[in-house]
Each structure stands twice: as structure tokens, then as C-alpha cells.
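Working notes for the structure below.
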Amino acid sequence: AEWIHRFSLPTCPLLAVLHNENTNFIRIIVSIAGQFFSSGHTNNWAVLVCTSRFWFNYRHVANTLSVYRSVKRLGIPDSHIVLMLADDMACNHRNPKPATVFSHKNMELNVYGDDVEVDYRGYEVTVENFLRVLTGRLPPSTPRSKRLLSDDRSNILIYLTGHGGNGFLKFQDSEEISNVELADAFEQMWQKRRYNELLFIIDTCQGASMYERFYSPNIMALASSQVGEDSLSHQPDLAIGVHLMDRYTFYMLEFLEDIHPASKTNMNDLFKVCPKSQCVSTPGHRTDLFLRDPGSVLITDFFGSVRKVELTMDAINLTDPIKQMEENPVNGEEQKEVYSYADQLPVSEIIHQKPKQKDWHPPDGFILGLWTLILLVFFKTYGIKHLKHIF
Amino acid sequence: MQHDRHRCKCVTQSVVTSLDISRLAALSIAAVVIIVGVPLWWRTTETYRAWLPVSQIKDLAKLQLHLSADVEVVFARGTVTPEQQKKVPLTQTQDEEHAVDGDLLVQFIILRLQNMKPYRTATIMEEDALKKPTAAEADLSLHMLSESPCGSLVVYVIPESSSLLPEDVNVYIGQRRTALVRISAQMRVGKTLEQLLAQLEPRIKQVLQVMSFSHTDITVALSDRVRFRPGNKESIADSMRAFKSSPGYEITFSLLNPDPKSHQLHWDIEGAVQTYIQPLLTKLSPLANFSIDSQTLYYTMLGVTPRFDSSLEAYTLNADSLAHVINPVEARLGSNAASSNPVLNFLLYVPDIRHSPLYIHDHRKQEVPSNAFHSPRWGGIMVYNVNGFYGSETEFPVHVNINMAKVMGVFLAQLRLLLGVQSLSPPPGFLVAPCGSTGLADWELDRLMWSRSVENIATATTTITSLAQLLDQIGNIVINDNIAQQVSSAVTSLQLAMAELEVGNLGFALQYSKEAILASEKAFFDPSLLHLLYFPDDQKFAIYIPLFLPMCVPILLSMLKIVSEVRQRRREKQAKKE
């Protein structure tokens, strides 16, 4: 054990396995407080969702983009981030500074930089798509960038923001996801071992209600407000005309700006972000499902992507010369497939299209009411005595 | 007066009959609603659920794996006396039973590791082969004589007079499926056959630990399904390094040239892949499909500034900073958008002229001979220095032909580690032959196949059992016919795979386990199983009340009225009687 302390450097967040078959070399596993084995993850994923649309919900998009920016800065590549934005603020007609989304007033920081990769945009952000991404039940034609291809050694960060209530989160102003559905989705992820550890952050009104129903292991949850409280927005910008950020995410971002890929800050510091004096609402967190102690969980375990690295000590001695590839004799009559574009606007098909068969729906409330009225009138004219026997 | 009474009677009679008719109408409406309406509503709002073999799935949950391997022990001349030769027993089996705690779904995993050992003496041709000068040649000629099927082993016991093995080595493990064990004189002189066999037993067990499956291997293969026991840290590191079992893998070779103005790099990647990598992948084809592609990236820097070491007159990267190299580079590497298979990236980095030569140092500031490092479940990076190709007056850009043999040697070693070929340190007195030009010994392939089969079976079992539990819990999910069919075929394949493992047919077991896992994944991840039908009870009431209440209230009230009238009449009758 003393060897380990003597050889471990103070800022060494990785594992190096020294392995030499020829000498009687004992494997020395150098780590800091057993970091490799305690975190147990080899890759990081992030699912960042903004669920509200319309110009006055600018702050939700700015929230999500700021978290996206921090997560990318700390190392998670775009291929491991699923970004879902329900509306396009940067190219909105009401944006006085097009192609920008600001998170600080006086337009200090443009979080919509040059390399934003939005995977689900606009009306694609629905409860169904969100649950499909989490559980992996996507149709086979879905491209790789829209999938969450995590395995049992992935740490996933899930960030949701928008308008919410006691036990639900509103999507696109027309549907909602309940806390039970979310808990069931996480349980399905656990059953299929789609995550090693999960950090769930939600910045909505009454956000704590969304993590009340979780029951799968290895989930840590943070929310911006308790049940019965509202999450408030931070500051309006008079030039743009809307509130730019929510308070909780604003202070969380200030906290994250101090984190760099090699920092050692742990989760207990994240729990202290935005106390009631700054946030007006009381942020909450839930750690009872998490196996490790939050004090030993690094921020970069979820927000960054510190790779574990091992030095390659062996090499195989290859002595065969490279085979020369046989040149295929070029034939004059070589069959070449001719490709062409499909007809982009098949006018003749459109003109002669038959109207689509609509499914039959039972009559809705208006029709039922109308018929009730007609029946009442009938009874009125032809004799109320038939009704008397009933009432 | 009589007329009035008569008329009264008629009037009351007609009143009574109209009351009767209305009562009859109300009763019949109620009867129709209850007898016809309620069952009709129930049937039309039922979800279609195809039949699933639930009892078979429950049986699978008690996972009992029996693994058996054939080990043949052959005594060469000089190891047993002729009298002992006649008494050599034919077979001996050895059972080991281990119970491993599963998690909640797959309760118990019982492993029975069985080794069937037929004993025999060597044939003339085998004796000739054992007389070759070196162990490697003996191995080759023994392999020419008979090829062992996959999963089985042959152990040749040679006398101490044999010159095949060097002095301090007692066991030689060949490239294929044979091992040579040397017994010393004191082990066999004056001992009975039983004693000799008893002494040989631990040696053979050690050989099996190296060349075939062992309890720890199988537990590691099941590592995500069993309770995390922080016992063996090395094996856990191994399980975290290798990719999980997947039907296919994508391998990408990338050449990173940050300084095209100075270096014009040329690498014969097609030829190198064909000569060095393809044989390994062909050998591994029963495990998974591999697809290879390659690319060259220009102006891609490492993202970490190396330090100049004046004592070596070179730039160094120490092991701490390696962790931050991968992320900036990964953004530039593409991947195949169409498939969701895991990707193994192998990068060859040629440092730019201002940071040449570049060496990787380990924690003790010593140079890493291969100048390469790898990241678990991601891939490997090798730094290739080309400063030897030019002096001070050369004209830039310098044309460089990369030595692919050296590069592919390193990549092949990394590929082996990432695919799960564990490099164990063998016990003392053992000599392990270096793996051949394919990069993989036959017994290493067998070990991989054992652990993959077990991993596939465990994963498929858990998937099926959790799917069955999920469908049971949530009554609203529609189970289509194709899902039921996938589940049934997965269950059948699992049963077949476990049967083949018990017998020892490793190839078939792996194939069935792959089919099982494909079918179970298809069933679990079918897009139609999305549960969006969560209705809390109060919402269900809110939907049905406006539809059914206006209809039910008149019926109920008329029923109540009838009941109260009947009761009143009965009371009147009773009052009349008294």
C-alpha cells in the first residue's frame, strides 16, 4: 500500500496498468483514492432537453445551450450529446440579433456558437421521442446522432428545462410527461444496463416533484425548486426584450465556468449552488438511490469526459511482408451502376392522388350535445310524460 | 254509481298496465346495458396481447450453466511403465460447482465446470513429433497430425529425459490447443499409477486455468449481472477495458498529419490491413462481424502541449496528460452513421516538425517502448516519429513511407486487449508460446468464445426476463405477434445454447447464443413497445364519467324507483294482512 502512495502523483485522475510479462513485475495500479474502481465508467453521455417553444421562452433555450456549451468545453464530444431544442430562438423572426442566443445581459456571451449540433429540433421534441431516446426503442432508420448508444459503463447527464408543475413537465405547450413515466423509463434503462450512473438535473417550477418517484439504483437528482415553489428567471435584457436565463441555471453555469477537465470539485459543491438568497426558490437534491457518497463524486464524472488511459506495453512482432494487392485488370465492359436522383416533385402522382382514408372516430362532444338537444326537443313536443317516468 | 266504479276500475287498470310497461322498459334497458354493453365495451377497449411463453421464461430465470471441456491427457513413452500402461483408466471427470449470486431478476447462477479427461498413451506418430528439437516444432507437427475441435485441449506428458523444454520450464503452452507437461523423475519412479495421476492433477489444473475457462473468467463475463464483488481488481479492470459482446464492430484506422507542409506521409493501409489485421479478424469471425475503414486527417493537433526534455533532446508527453488527448481529437473522427455498432479507433499520430521527436513517458519518467497508449472501450493512439528521415538540409515536404509492420504490431496488440483477449501472467515454470502471425492463439480464441457465449446467454436471459416482467407489470402495452415470435425464438435459442455448452460443443453454443441475443434485443427494443399509456386512476374516471353518467343516471334512478315501489307494495300487502 505504501508503494501506491509513493508513486501516485497528486493530480492523477487516471489509471496506468504497467504490465511486463518477462520480469516478475507486480502490477501496480496507481489511482487516486481508487478513483478508477469507484466511478467505474468509461464514457460519458449527455441528454439536454428544452421543452418549451415560443419567443417568450427564450430563457429555456438559453439554459439548455449554456449547459451544452459547458459540457462540450469539458470534453464530451457531439457524438455523445443528444441535444433537443423545441424551438429555434437564434433564427426566430423576433430576434433582434439573428444567429445568436445570449445568456448574459448586455450580450456578453453568445452560447449559440459556430458548432452547435442540434439533434432533435422543433416539433421533433415530443414526449414520445424523448422516451424513445432514453429507452432505445427507436425505429431502425434512426441515424446514429439521434440515438443514445450508452452501455453499462456510461455515465449519463440528463438536463430538462421548461415549464412544469407538480408531477409533470410540459412539452411544446400541448402534452406532458409525468414523473411516473420518467421513473419507469429510467427503470427500463436500468434493466437493460444502459447506464452506470445517472445525474438528473431539472430546472422548472416545482421541479422536485419530478424526481420523487425514481426507484432505480445509481440515480442522483437535482432540482431548482421544491414542490409548491416556482423557479424564477434571472434578468431581462432590454435590447432583446425577454428574460435571458433562469436563476438556477445561471448560477450553476457560473459554478461550472470554474471547472476545468482536471479539477477535483465534487457534487457537494454543486448541491450548494444557488442558495435561497440568490434563487428565491429552494433547490433540492436526492441522493438516496446513489451508491457512492456524493462527496466522492467528481463534477467531471458527469459533466466532462475524462478518459481512462493505459499505456500499451506489448507489441506483436510481425515479420511477414505486406502482400501486394492484386490489380484487377480493367475491363472495357466493366458493369457500372448508373445512379440518378429520384423525381423530386412527382406532379402526375400528386394530381391523381386519391384522398387518404381517414380512420373513423366516434362522434365528439359537440355532436353528442346536438343529438341530446334534438332528443329533448322531441320529448318536449311529443309529450313530457315519457320523461316523467324516469325523473 | 256502478258505472263510475266500473270506469274507475278500467282507468286504474290502464294506469297499472302503462306503469308495468314503463317498468318493463327500464328493466330491459338495464338488462341490455349490463349483459350486452359491458362485455362489448370491455372487449373493444382491450389491448391485443399475443401469447408469451411465460413459464419457460421463469425457468430460464434460474440460470444454470453447465460448462464442460474435453481435456485429453496423453502419456508419452517413458512416463509410465508398461504395467501401468495397461491399467491407465479410460476417463475421469471432474466437477466443480459454484453458485454465483445474480441480481434480482436472474436469481441464481450455478456454474458447473466439468472436465472430461480421457487418458491414453501416445501413438507412434506422436512420439516422432515429440522427438523434434524444439517445442515449437513439436507443437507444429502435433497439430499436423490431428486438429482438436474448438473447446478441447490435449496435454502431452513427457518424461524428464525429453529435451524439448529448457531447464526451468515444466510446462509449454503451444500456439494451438496442445500443452506439453514434463514430469520429473521423482514423480514417477516407484509410484503407483494413482499416485502419479494424483501428482499430475494440480499441474493439469494449472494448465486448464491458463488455456481454458476458469471460475473467475466466467464470473467476470457475467460481471454486469452479478453482485459487484470488489475482489479481483485486475479482472474488473479487464472487464472494463474490453468491449461488450456485440454482433458487429467497426474498426477505423486514422492517420493524423498535423504538419502536411513538412511531412508527406504515405502508408499502405490496404495492404497492411490485408496482411496483418485481416487474418485475426477472419479467425474471430465466429464471434462478430468486423468492418474496417481508414482515413487521413490533416491539421489535427493533439490538444496537449508536450514538454521539451533537454536531457533527451526530445519532447515528452507524460502519462497524466494523455487522458486529455483523446477528447479534442474525437470531435474530428467521423463514424458510420448507418450502424450502431461500437467503434474502435486506432490513430497514428506523426508529430509536427516543431515537436519532433515525441516520446511517451510513464509515471517513472521512462520511455514506453511501443510509444502508444490505449483507452478502454475506445481504441488506441500511437505516436510515430519521422525525424530520422531527414537531416537539416532536406527539402520539405519530406516523403515518408511508414513502416506498417511496426505500426500494425502495436495496433494488433491493442486490438487484442480491447476485444477481451486477456494477457495473463502465467504461473512460474510455464512457457507460453508467442501467438502466431494471426495474432491470436487457438486456445485464446477458445477462451474468448467461452466468455462470449456465457456473456451472451446471461444478457439474453436477463433481457427476456425483464421484458416479461415489464409486459406483466404494465397491462396497457400491446404485444404484437412479431414480438411474441421473437421472444419464443430467443427462448428456444437460449435453451439450445445451454444444452450445447453442457455437451461441450463450443462453436454451436456460441452460434445459438448469438441468435438468442439478436432475437431478444429485437424483441426488447421493438419501437411498438413504447409505454405511453400511463393513465392515473383519476384521469380514467375523468374520461368515462361524461360518457357514461348521463346514460346510467336515468337507468339507476328508474331501478331505484322500481325497487322502492315493490317494497312499498309489499309493506302495503303486509299491512293488509294484519
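Each chain gets a letter, A, B and so on, in the order the sequences are listed, and its residues count up from 1. Keep in mind it's a predicted model, so treat the numbers as computed, not measured. FYI, side chains are in, hydrogens and waters are out, and symmetry mates aren't considered; it's all heavy atoms of this structure.
Residues Asp78(A) and Glu330(B) form no side-chain contact, since every pair of their non-hydrogen atoms from C-beta on lies 4.5 Å or further apart. Within the 4.5 Å cutoff, the side chain of Thr463(B) has heavy atoms near those of the Lys192(A) side chain. The shortest distance between side-chain heavy atoms of Thr135(A) and Leu529(B) does not fall below 4.5 Å.
A donor-acceptor pair under 3.5 Å links the side-chain atoms of Arg137(A) to the main chain of Phe524(B), judged by distance alone. Side chain of Asn327(B) to main chain of Ile76(A): no donor-acceptor pair is present (N/O by atom type, distance under 3.5 Å, no hydrogens or angles).
Looking at Val368(B), only its side chain comes within 4.5 Å of chain A, counting heavy atoms on both sides. Only the backbone of Asn341(B) comes within less than 4.5 Å of a heavy atom of chain A; no side-chain atom from C-beta onward does. Contacts between Arg147(A) and chain B at a heavy-atom distance below 4.5 Å involve the side chain alone, from C-beta outward. For Leu547(B), the part lying near chain A is the side chain, with the backbone staying farther off; criterion is any non-hydrogen pair under 4.5 Å. Only the side chain of Leu470(B) comes within contact range of chain A, with at least one heavy atom under 4.5 Å from a heavy atom of that chain. For Ile360(B), the part lying under 4.5 angstrom from a heavy atom of chain A is the side chain only. With a threshold of 4.5 angstrom between heavy atoms, Arg416(B) approaches chain A through side-chain atoms but not through N, CA, C or O. If you measure heavy-atom distances from Phe411(B) to chain A, you find no contacts under 4.5 Å at all. When heavy atoms are compared at a cutoff of 4.5 Å, Asp151(A) approaches chain B solely by way of its side chain, counted from C-beta outward. For chain B, the nearby part of Leu368(A) is the side chain; its heavy atoms alone come within less than 4.5 Å. Using a 4.5 Å cut-off between heavy atoms, Leu138(A) touches chain B through its backbone atoms (N, CA, C, O) alone.
What you find for Val309(A) and Pro376(B) is that their closest heavy atoms are N-CD, 4.5 Å. Across all non-hydrogen atoms, the minimal contact from Ser370(B) to Thr312(A) is OG-O, 2.6 Å. Scanning both residues, Arg132(A) and Pro527(B), for their nearest heavy atoms gives NH1-O, 2.7 Å.
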Stepwise side-chain contact (heavy atoms from CB on, under 4.5 Å) check, Phe373(B) with Glu310(A): CA-CA 6 Å; Phe373(B) 61 98; Glu310(A) 291 173 0; over 6 Å; no

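One finds the CD atom of Gln191(A) at 9.0 Å from the OG1 atom of Thr462(B) (value rounded to the nearest 0.5 Å). Here the straight-line distance linking atom CZ of Arg193(A) with atom OG1 of Thr459(B) works out to 10.0 Å at 0.5 Å rounding. Atom NZ of Lys308(A) is separated from atom CZ of Arg377(B) by 12.5 Å, given to the nearest 0.5 angstrom. For the atom pair Leu311(A) CG and Asn371(B) CG, the distance stands at 10.0 Å (nearest 0.5 Å).
When Leu467(B), Asp526(B), Val410(B) are compared by the number of non-hydrogen pairs under 4.5 Å with chain A, Asp526(B) comes out ahead.
Counting non-hydrogen atoms of neighbouring residues, nucleotides and ligands closer than 6.0 angstrom, the NZ atom of Lys522(B) reaches no more than 12 such neighbours.
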